[in-house]
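Inspection log for the structure reproduced underneath, given as structure tokens.
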Amino acid sequence: MSFPSVEEQLAIIKRGAVEIVPEQELIEKLKKSKKENKPLRVKLGVDPTRPDLHLGHSVILRKMRQFQDLGHEVILIIGGFTAMIGDPTGQNKTRPPLTIEEVNENAQTYIDQAKKILDEDKLTLTNNNDWLGPMDFMDVVRLSSKLTVARMIERDDFSKRFENNEAISLHEFLYPLAQGQDSVYLKSDIELGGTDQKFNLLVGRQLQKDDGQDQQVCLMMPLLVGTDGSAKMSKSYDNYIGIDEAPNDMYGKTLSVPDELIYTYFELVTDIATEDLPAIKEKAEKDPRNAKHDLAYTVVRMYHGEESAKAAKDHFEQTVINKQVPDDAPEFEYNSGEELRLLDVISDTGFSPSNGETKRMMKQGGISLDDEKIKDINHTITLESGQEVALKVGKRNFGIIKGK
RNA sequence: GGGGAGAUACCAAAGCGGCCAACUGGGGCAGACUGUAAAUCUGUUGUCUUACGACUUCGUAGGUUCGAAUCCUGCUCUCCCCA
């Protein structure tokens with residue numbers, strides 16, 4: 001096999017990338033790789049701390065996929081060891097270290113999800129516990145002599161926590177070193193990471209240099225802004241779109257992304273060909289409504305297929321735009337002729353977390369039967385055999401109550 | 001090692017013996033509006049109860065009191081200053 005031209009490769013590699021340090025070295029590595037027909041070793045380390053992957057994670061995983069498609073060797077490091085330290089990057093508090101059991105379990109769910117983006121057959125999987133685990137205390141001491149305290153505390157996340165009188169545990173300083181050691185061990189040519197990983201990635205370069213190796217190129221991808229349009233996509237901000245989410249949720253959530261982000265999402269999280277991006281950009285500006293529906297469709301298609309994407313689009317139009325009960329609403333059967341309290345019925349459906357919450361929604365007009373708002377908390381219904389009543393609880397929960 | 005400060009609901013932060021299920025902001029939820037599950041405005045926000053009310057909740061374990069988130073003691077954790 002042979003690699004595409006350096007120019008072609010570079011165009012794909014640079015798509016969406018914020019910074020390549022140093023870009024010239026990347027070009028050199030690509031040239032050499034092509035000339036010797038030898039793939040570059042591209043490394044990504046992940047912490048199996050949160051098993052639910054979302055589109056934010058997909059930005060980097062997609063970049064990895066692009067390297068795979070170009071023919072390079074892509075190495076995914078499960079941070080089995082580093083997860084037990086906890087990456088302090090961007091954190092305002094110490095991360096709780098995980099046990100080995102948790103790490104193994106999380107790692108598996110991570111891999112299962114990552115396979116939806118990466119080409120499993122071309123993936124090299126490793127666990128940094130294999131080489132970090134056996135290091136003894138002296139090894140750690142030697143390693144930690146490579147970095148100064150001053151360098152550590154000039155980092156934003158640490159200095160902020162320091163100023164705010166928040167706890168910083170000593171072990172958190174060891175994290176970048178552990179990650180950098182991965183690069184030394186694997187002799188990586190390129191390491192991917194979010195912009196927030198810059199410090200950690202650069203440590204890898206330094207440690208490789210100390211070891212007499214060629215230094216890795218650091219490729220930084222932007223942090224995807226979440227559906228709220230302000231903070232980075234993250235589970236803890238609840239502004240994320242999970243890659244395991246149901247098609248309908250995925251579609252709806254994607255539509256809630258602010259218009260300004262339509263193009264960014266296309267560029268970073270979809271498989272739309274790079275050459276088609278300019279046309280997309282124009283559409284996003286001129287016709288944001290349809291461009292966003294295209295985006296939602298594309299995202300659902302990527303993870304659930306064409307059929308589901310169509311269905312999700314229909315579902316959204318039916319429920320949100322036309323405010324009708326969807327075809328796939330769950331059914332709840334009750335004996336006919338029996339007087340049922342609506343409160344209890346809703347409790348059965350699981351659409352509301354507590355009766356107090358249900359009553360609140362009722363008072364506020366958030367609950368309806370056959371399009372009629374029910375505000376009486378004592379409302380009862382009696383079904384006839386075969387009768388179907390459409391129930392709506394809040395904005396998104398639809399059900400059919402049926403008499404048997 | 002010595003001295004000081006602190007731990008409140010999803011988060012931040014008031015309260016400092018009864019009027020506290022606990023001010024306020026964020027978040028969440030609902031309504032209106034919208035191309036949108038966006039923005040904005042309004043309402044709402046422990047659990048159970050038709051309601052009266054009952055129960056659990058203010059780091060943790062005890063204690064004082066008719067009554068404690070508020071006072072006392074032990075414990076755990078965090079921050080600051082000094083060494």
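To find a chain, count down the sequence lines: A is the first, B the second, and so on, and within it residues start at 1.
- Within the 4.0 angstrom heavy-atom criterion, base atoms lie near A/Lys292.
- Contacts of A/Asp376 with the nucleic acid, taken as non-hydrogen atoms under 4.0 Å apart, are absent.
- Distance A/Glu317 CD to B/G35 C1': 10 Å, rounded to the nearest Å.
- OP1 or OP2 of B/G31 has not a single side-chain nitrogen or oxygen of A/Arg360 nearer than 4.0 Å.
- Per the geometry, CG belonging to A/Asn397 stands 11 Å off P belonging to B/C29, to the nearest Å.
- Using a 4.0 Å heavy-atom cutoff across all strands shown, A/Tyr251 reaches no nucleic acid atom at all.
- Atom CE in A/Met362 sits roughly 15 Å away from atom C1' in B/C29 (whole-Å rounding).
- B/A13 is unpaired under the criterion used here, namely a Watson-Crick or G-U wobble arrangement in which both key atom distances are under 3.5 Å.
- Look at A/Ser354 and you won't find any side-chain N or O under 4.0 angstrom from OP1 or OP2 of B/G46.
- Contact between the side-chain N/O atoms of A/Asn355 and the OP1/OP2 oxygens of B/U49 is found at a separation under 4.0 Å.
- Residue A/Ile346 contributes atom CD1, which lies 14 Å from atom P of B/U50 at whole-angstrom precision.
- As rounded to the nearest Å, B/C72 and B/G17 have P atoms that lie 11 Å from one another.
- Comparing B/A14 with B/A9, their C1' atoms are spaced 13 Å from each other, to the whole Å.
- Contact annotation for A/Gly394: backbone-only contact, meaning every heavy-atom pair under 4.0 Å involves sugar-phosphate atoms and none involves a base.
- Within 4.0 Å (heavy atoms only), A/Asp228 reaches no atom of the nucleic acid at all.
- If you take atom P in B/C23 and the same atom in B/U47, they sit 15 Å apart, rounded to whole Å.
- A distance of about 29 Å separates the P atoms of B/C48 and B/A39, rounded to the whole Å.
- For A/Pro258 and A/Glu357, each mapped to the nucleotide of RNA chain B holding its nearest heavy atom, the one lying further toward the 5' end belongs to A/Glu357.
- Which of B/G35, B/C29, B/G31 sits closest to the side chain of A/Lys373 comes down to B/G31.
- For the pair A/Gln364 CD and B/G31 P, the interatomic distance rounds to 8 Å; values are reported in whole Å.
- Residue contacts for A/Ile377: at a heavy-atom cut-off of 4.0 Å it reaches the sugar-phosphate backbone alone, with no base atom in range.
- The side chain of A/Lys395 sits closest to B/G31 out of B/G31, B/G35, B/U50.
- Residue-level contact check: A/Lys359 touches the bases, meaning some heavy atom is under 4.0 Å from a base atom.
- A salt bridge does not link A/Glu267 to A/Lys281: none of the charged side-chain nitrogens sits closer than 4.0 Å to a carboxylate oxygen.
- A salt bridge links A/Glu245 to A/Lys253: one of the charged nitrogens lies within less than 4.0 Å of a carboxylate oxygen.
- Rounded to whole Å, atom C1' of B/G31 lies 15 Å from atom CZ of A/Arg396.
- The residues A/Lys116 and A/Asp244 are annotated as salt-bridged, a charged nitrogen and a carboxylate oxygen being separated by less than 4.0 angstrom.
- Taking 4.0 Å as the cut-off between side-chain N and carboxylate O, A/Asp314 and A/Lys310 do not count as a salt-bridged pair.
- A distance of about 8 Å separates the C1' atoms of B/G53 and B/U49, rounded to the whole Å.
- When both distances must be under 3.5 Å, the Watson-Crick or G-U wobble mate of B/A32 is B/U40.
- A distance of about 13 Å separates the C1' atoms of B/A13 and B/C58, rounded to the whole Å.
- Salt bridge status for A/Arg41 with A/Asp189: absent, with no side-chain N to carboxylate O gap under 4.0 Å.
- For the pair A/Leu343 CG and B/U50 C1', the computed distance is 10 Å after rounding to whole Å.
- Not one side-chain nitrogen or oxygen of A/Ser256 sits closer than 4.0 Å to the OP1 or OP2 atom of B/U36.
- For the pair A/Glu25 and A/Lys29, the salt-bridge criterion is not met [side-chain N within less than 4.0 Å of a carboxylate O].
- With both pairing distances under 3.5 Å, B/G1 is matched to B/C82 as a Watson-Crick or G-U wobble pair.
- At least one cation-pi condition fails for A/Lys34 and A/Phe3: the charged atom is not both under 6.0 angstrom from the six-membered ring centre and inside a 45 degree cone around its axis.
- Applying the Watson-Crick and G-U wobble criteria (two distances, each under 3.5 Å), B/A22 pairs with nothing in any strand.
- Nucleotides B/G26 and B/U40, compared at atom P, are 11 Å apart to the nearest Å.
- Ring-plane geometry between A/His293 and A/Tyr251 is classed as tilted, the angle between the planes lying from 30 to 60 degrees on a 0 to 90 degree scale.
- Summarising the geometry, the separation between CG on A/Leu295 and P on B/A38 is reported as 16 Å, rounded to the nearest angstrom.
- The partner of B/C71 is B/G63, by the rule that a Watson-Crick or G-U pair needs both atom distances under 3.5 Å.
- Look at B/G6: its Watson-Crick or wobble partner, with both distances under 3.5 angstrom, is B/C77.
- Along RNA chain B, the nucleotide nearest A/Asn378 and the nucleotide nearest A/Ile367 are compared for position; the residue whose nucleotide lies closer to the 5' end is A/Ile367.
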